[in-house]
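Scroll down for the structure; my scribbles are underneath it.
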Amino acid sequence: MKLTELLSGIETLRTTGAADAEITSLGFDSRHTTPGQLFFAVKGSASDGHDYIAQATADGAAAVVCERLPETPAPEVAYVVVADSSAVLGTVASRFYGEPSRKLKLVGVTGTNGKTTTATLLYDLFRRLGYKAGLISTVVYRIDDEARPSTHTTPDAIRLNAMLAEMAERGCDYCFMEVSSHSIVQERIAGATFAGGVFTNITHDHLDYHGTFAEYIRAKKLFFDRLPKEAFALVNTDDRNGAVMVQNTAAAARTYSLRSFSDFPCRILENTPEGMLLELEGRQVWTRFLGRFNAYNLTAVYGTARLLGAGCDETLQALSTLTPVNGRFDTLHSPEGVTAIVDYAHTPDALRNVIDTVNELRDGGGRLLVVVGCGGDRDRSKRPVMAQIAAEGADLSVFTSDNPRHEDPDAILAEMTASLPDTGRWLTITDRRQAIRAAAAMARRGDYLLIAGKGHETYQITGDTRTHFDDKEEVRRALGMDTPAQARE
């Protein structure tokens, strides 16, 4: 494809070299440059692609999109100077792959909690309705029935458009994707055309990246600000920021709720250890999910399906067959009568929701033991809040490591527990495996053991090293649910 075609209509500040260069691929990582590539010099949080332009051109890049020219441009290479390389990358990637988001209905789900569950359940529901669909989530990427490893909640623009193109080629009618706040401000979704956007909720998270809560909200709102008028914007009106999200959207704003007036209201009629009975649009549906937070997720799924044209009865029937997402309130029952729950809750609001749900289920019977930590190189302000929520909601809390990355795990635990009173109802065990084993050893028949923070993750990150670690495997082993032959060493 010609460079001039890819850049048509894009505002450029300066162009040098052969504007009619033939482009065979796109890239932004100089380590993977191929001959004929259009290389994008993108400024990242850890490095600046402008520092690697010379390496990319030496390895065969035919053209470079950058925000400033290198000191010694290669004479045979075309250089295009723009105001924002990241934004141009998204637009060009969409064009290079034939604008695939226009060939299917792309729905983005954003918010602090519930993105993965909502996007995944939408994918599952529409496949049950007989459609081919794609999924882009924290846990896995899916092109119809093919699963691929997930590297980011929202992948870079090149990989995103490549996958959307594959989905379109395989006949997918829909794609449901998580839209992270990082991806919005980093322009990973620039150039994508959305049929709809869903807002779940917003609480304090990622302040290590965004700096302030106001900037975090602004990042989420930007997604809805950019939705086209043909799209819908479905927001949780029980969250006070739901109205903020759609203040400036051109899309058709719709609402869902459990407590307030909305387009798609939901009532929880029964909440039992086996599931919930919900009322949606005056009809009752039994689901296999637990907890108020899941009622919100299911209502968002229902509302989205209806906005995409699915009928009420067929949607409710499909909704009743859905099962919980891996690592989201994942429940195990030990032979000794202990109920273990593995959940991804890694924000204060998510942890509170899960603890409240367990406390409603146990209804005074048995104790609640919680194992939880906070990740390193991430928002430090939530650490004492997470510890306080666990200490107040559980009978016993064990604070431990959760991907310490480049921080001292003991220092993270010290920050978590610095303001906790010495009640005798909490302790710290740095090693996560030992923490799970200790909590399991203290659990008695009828108790609930919540392992929070990692959910579906199958690794622990220490420094730059990623080692295998699976909470579900560990708790099964600690509760005697795996024989030595079954346990993964």
Side-chain angles (χ1 to χ4, degrees), residues 271 273 290-293 324 327-375 382-403 409-410 412-414 416-417 419-457 460 469-482 487:
N271 191 10
L290 305 175
R292 181 172 294 271
F293 64 97
R328 270 63 176 176
F329 215 87
D330 220 332
T331 306
L332 307 167
H333 301 281
S334 81
E336 302 304 318
V338 175
T339 300
I341 300 159
V342 175
D343 194 89
Y344 189 53
H346 62 287
T347 67
D349 189 59
L351 183 62
R352 182 182 288 109
N353 286 337
V354 174
I355 287 176
D356 287 349
T357 297
V358 177
N359 283 333
E360 288 175 13
L361 294 176
R362 67 190 182 114
D363 194 24
R367 301 173 302 157
L368 171 58
L369 295 81
V370 173
V371 178
V372 67
C374 289
K382 69 182 182 182
R383 293 173 183 175
V385 182
M386 296 272 287
Q388 187 70 35
I389 290 169
E392 291 177 352
D395 296 286
L396 176 67
S397 300
V398 182
F399 302 116
T400 188
S401 296
D402 181 346
N403 295 331
D410 290 320
I412 295 174
L413 292 175
M416 290 182 69
T417 59
S419 59
L420 286 184
D422 187 7
T423 60
R425 293 173 51 197
W426 61 270
L427 69 153
T428 62
I429 300 177
T430 306
D431 184 283
R432 191 174 182 90
R433 179 174 288 110
Q434 295 303 322
I436 293 173
R437 289 179 178 177
M442 290 184 277
R444 305 189 294 260
R445 180 174 294 276
D447 285 350
Y448 288 79
L449 173 57
L450 170 63
I451 315 296
K454 293 178 69 62
H456 66 281
E457 293 180 353
Q460 180 84 307
F469 194 96
D470 186 325
D471 278 356
K472 191 184 284 189
E473 288 179 5
E474 294 299 331
V475 74
R476 285 183 63 88
R477 194 178 308 171
L479 290 172
M481 299 170 70
D482 281 337

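Scope of the values below: all heavy atoms of this structure, side chains included, with no hydrogens, waters or symmetry mates.
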Report yes if the side chains of [X] and [Y] come closer than 4.5 Å at any heavy-atom pair, otherwise no.
| X | Y | result |
| --- | --- | --- |
| Ser397 | Arg425 | no |
| Leu396 | Trp426 | no |
| Thr339 | Thr331 | yes |

Side chain to side chain contact (heavy atoms under 4.5 Å, CB included) partners of [X], counting only residues at least two apart:
| X | answer |
| --- | --- |
| Asp330 | Asn326, Val342, Lys472 |
| Ser419 | Pro384 |
| Arg292 | Leu258, Ile268, Tyr296 |
| Ala435 | Val371, Val398, Thr400, Ile429 |

Excluding sequence neighbours, so at least two apart, what forms side chain to side chain donor-acceptor pair (under 3.5 Å) with [X]?
| X | answer |
| --- | --- |
| Glu392 | Gln388 |
| Asn271 | Glu360 |
| Asp471 | Arg432 |

What closest approach, in Å, do [X] and [Y] show between heavy atoms, and which atom pair accounts for it?
| X | Y | answer |
| --- | --- | --- |
| Leu479 | Ser334 | CB-CB, 3.9 Å |
| Leu420 | Ala387 | CD1-CB, 4.0 Å |
| Val385 | Pro348 | CG1-CB, 3.8 Å |

Q. How long is the gap from CE on Met386 to NE2 on His346, to the nearest 0.5 Å?
A.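 Rounded to the nearest 0.5 Å, the CE-NE2 separation comes out at 8.0 Å.
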Q) Roughly how far, to the nearest 0.5 Å, is the CG atom of Leu290 from the OG1 atom of Thr357? A)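 Separation between the atoms: 7.5 Å.
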Q.
Quick check on side chain to side chain contact (heavy atoms under 4.5 Å, CB included): which of Ile412, Leu413, Thr417 does Arg383 satisfy it with?
A.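 One option only clears the test, and that one is Ile412.
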Donor-acceptor pairs under 3.5 angstrom involving side-chain atoms of residues 443-455: please list them, not counting sequence neighbours.
residue	atom	partner	partner atom	Å
Asp447	OD1	Arg367	N	2.8
Asp447	OD2	Arg367	NE	3.1
Asp447	OD2	Arg367	NH2	2.7
Asp447	OD2	Arg444	N	2.8
Lys454	NZ	Asn403	OD1	3.0
Lys454	NZ	Glu457	OE1	3.0
Lys454	NZ	Tyr459	O	2.6
Lys454	NZ	Gln460	OE1	3.4

Please list, chain by chain and in numerical order, all residues satisfying salt bridge (charged side-chain N to carboxylate O under 4.0 Å, His left out) with [X], sequence neighbours excluded.
| X | result |
| --- | --- |
| Asp395 | Arg362 |
| Arg433 | Glu474 |
| Arg328 | none |

Q: Spell out, as yes or no, whether a donor-acceptor pair under 3.5 Å connects the side chain of Asp402 to the backbone of Cys374.
A: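 Between the backbone of Cys374 and the side chain of Asp402 there is no qualifying donor-acceptor contact (under 3.5 Å).
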Q. Restricting to pairs with a member in residues 344-356, which pass salt bridge (Lys or Arg N to Asp or Glu O under 4.0 Å), not counting sequence neighbours?
A.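 Matches after skipping sequence neighbours: none remain.
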